[in-house]
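Letters A, B, ... are given to chains in the order of the sequence lines, protein chains preceding strands, and every chain is numbered from 1.
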Amino acid sequence: MRAFAYERPTSLGDAITLLAEGGSDARLLAGGTDLIIRLRDGSIAPRTVVDLKRISELDGEIAEHDGGLAIGARTVMTAIAADPRIRRDYEALAEGAAVVGSVQIRNRATLAGNICNASPAADTAPALLVYGARVVVAGPSGSRTIPIDAFFVRSGATTLANGELVTSIELPRPSGRQGSVAVRRTRRRGHDLASVTLACAVGEDGVTRIAYGSLGPRPVLVWDETGVLADPSAPEAAKTQLLQTLFTGASPSPRSMRASPDYRLAMLRVLGLRAVGTAIERLAAGAAG
Amino acid sequence: MTASGEPSHVTASHRIDVTVNGRARSIDVAPHHTLLEVLRDDLGLTGTKECCLVGECGACTVLVDDVSVDSCLMFALEADGSSVTTVEGLATGGRLHRLQQAFLDTGAVQCGFCIPGQLIAAQALLADTPNPSRAEVEDGLAGNLCRCAGYEQIIEAVLAAASVTDRPGEPATTEMPARTPATGDRASTPDASVAPQ
């Protein structure tokens, strides 16, 4: 690994200055589970690494905010998967966070880092998309909020501007009751990257939101407002046909080692249908309880 | 300039204070040296193994403030102010830790390379879940690969260690309860592996 200068700012302002001055030669260190791999394999070679973990304004807390939740930039996957509020109201995010890497990875990896790494296969991204999460960022010209769907560009690329960093991720209060779930397909049980990763939320208003990843350069959000997917009595053939239409934007890479495009597309339809079924069941169970 | 062609200020080392296996240490570390490298090369604690270096195998697992981490994916500087436990810190008072004893008694150690990481991951699991189910052991150790494929015995060992009650002043015991052989009832691989447990 090439040597670099290590900076450990204690204020957000200092971090932004270091990041803005360093430009592409400065990289942020949160959990490090992606960064250190890329430093070691030489795919990045920054002159400065800015460790965010001593910045007083950034925390690892999950706070109630504006009727929803705000997840601090240093919050690790283990904390998200275990949080009772997330498990209750944003179940797909808890499930997505619970399958990132291994126990050891989840103890270090942050949600903010996961979205900034912007892997198309990130297991938290589909859940954040179906819940309409907002990314709160700070930079040289102040703070702004980016809808998660406008955040991802392609693997490793986001709409963060030079000098900007993520300070928190907000989950808005659901507009009504909903049932949600995250599912994925991997080559092996346990610790693996997803060949298909998907989240689904069915609302009591009949709107179904589905987001899927690992089928193109970035995770994709689609939705159905016809009520067909959310209807427990709608025929499976109708749902399958509708899903087929919704998934036309999927473009899995033919170069991936994990699964062929045909397999991924087939599994996308299977997992999509299953996730809709589970989300409907959870919505009904929530209504009964 | 250094051998790598970097200005010397870039490679300047930083002093960190860490407690390693109960002993306070003050060490000068280079920013780009991982906790794994410092444990092995600077402190001579070679029980922690270097293997995949991408966070897949778990051979480098250590506890940092009682939380299990892959030490190959953490800079030593990030451990500044922390307490680190390696496999060398498990046995106390000349007696094996109950997990180590259980691994021996169960025949869970084949080539041995993955075992330090397995032991530390198991220690973290039992600290959170003192009486884990078999499925919880499988999930808890999913980040630790064994290329001898000795998983059955490793899982058996962790379950056996969990059933041993620590007696005061006796962190280990050689008396292991008899266990029912594995019944082969391992859950089939689910397609949607994040369904509720």
Side-chain angles (χ1 to χ4, degrees), chain A residues 1-8 29 31-37 39-41 47-49 51 53-54 76 78 82 87 91-92 94-99 101-109 123 181-186 188-192 194 196-199 267 270-271 274-275 278 282, chain B residues 2 4-14 29-34 37 52-58 60-64 67-75 77-78 80-81 117 120-121 124-125 128 138-145 186-197:
Chain A
M1 192 182 307
R2 200 181 85 168
F4 49 77
Y6 174 82
E7 300 285 354
R8 195 165 66 192
L29 171 63
T33 54
D34 286 311
L35 182 77
I36 294 177
I37 292 171
L39 289 168
R40 188 181 277 121
D41 70 18
R47 303 188 78 78
T48 307
V49 168
D51 189 345
K53 287 189 288 296
R54 304 285 170 107
V76 298
T78 301
R87 291 165 70 105
E91 200 168 357
E95 291 173 331
V99 295
S102 60
V103 174
Q104 292 92 321
I105 299 288
R106 292 193 291 275
N107 285 340
R108 295 292 292 173
D123 287 306
V181 64
V183 294
R184 67 175 190 159
R185 182 75 200 167
T186 53
R188 61 181 285 269
R189 191 168 166 230
H191 179 185
D192 196 7
V196 176
T197 186
L198 179 147
M267 290 303 105
V270 170
L271 292 186
R274 283 185 194 169
T278 304
R282 289 182 177 182
Chain B
T2 63
S4 63
E6 293 299 323
S8 57
H9 76 271
V10 169
T11 54
S13 61
H14 298 240
V29 300
H32 64 295
H33 283 184
T34 60
E37 290 169 307
C52 76
L53 295 176
V54 291
E56 286 181 2
C57 76
C60 66
T61 305
V62 300
L63 302 181
V64 176
V67 171
S68 64
V69 303
D70 292 321
S71 61
C72 76
L73 294 185
M74 180 172 174
F75 292 117
L77 274 169
E78 296 179 90
D80 190 10
I120 294 288
L125 171 70
D128 282 343
E138 290 176 1
D139 287 345
L141 298 185
N144 293 79
L145 300 182
R186 179 191 294 232
S188 58
T189 303
D191 287 341
S193 61
V194 292
Q197 299 295 309

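Residues A:Tyr6 and B:Pro31 share a closest heavy-atom pair of CB-CB, 3.6 Å. The minimum heavy-atom distance linking B:Gly143 with A:Ser102 is given by the pair CA-CB, 3.3 Å.
Annotation: side chain of B:Leu73 is in contact with side chain of A:Ile105 (closest heavy-atom distance under 4.5 Å). Between A:Leu29 and B:Phe75 there is a side-chain heavy-atom pair separated by less than 4.5 Å. The side-chain heavy atoms of A:Arg8 and B:His14, taken from C-beta on, include no pair separated by under 4.5 Å. A 4.5 Å side-chain heavy-atom check between B:Leu145 and A:His191 finds every atom pair outside the cut-off. Using a 4.5 Å heavy-atom cutoff, the side chains of A:Arg108 and B:Glu78 are in contact.
The backbone N or O of A:Gln104 sits nowhere less than 3.5 Å from a side-chain atom of B:Asp70 that would complete a donor-acceptor pair.
Using a 4.5 Å cut-off between heavy atoms, A:Leu198 does not touch chain B at all. Within the 4.5 angstrom heavy-atom criterion, no atom of B:His33 approaches chain A. Residue B:Asp80 touches chain A through both its backbone and its side chain, counting heavy-atom pairs closer than 4.5 Å.
To the nearest 0.5 angstrom, A:Ile36 atom CD1 is 7.5 Å from B:Thr34 atom OG1. From B:Glu56, atom CD reaches atom CD1 of A:Ile37 across 7.5 Å, with rounding to the nearest 0.5 Å.
Residues satisfying the side chain to side chain contact (heavy atoms under 4.5 Å, CB included) test with A:Asp192, not counting sequence neighbours, are A:Thr186, A:Arg187, A:Arg188. In terms of the salt bridge (Lys or Arg N to Asp or Glu O under 4.0 Å) criterion, A:Arg40 has no residue partners (sequence neighbours excluded).
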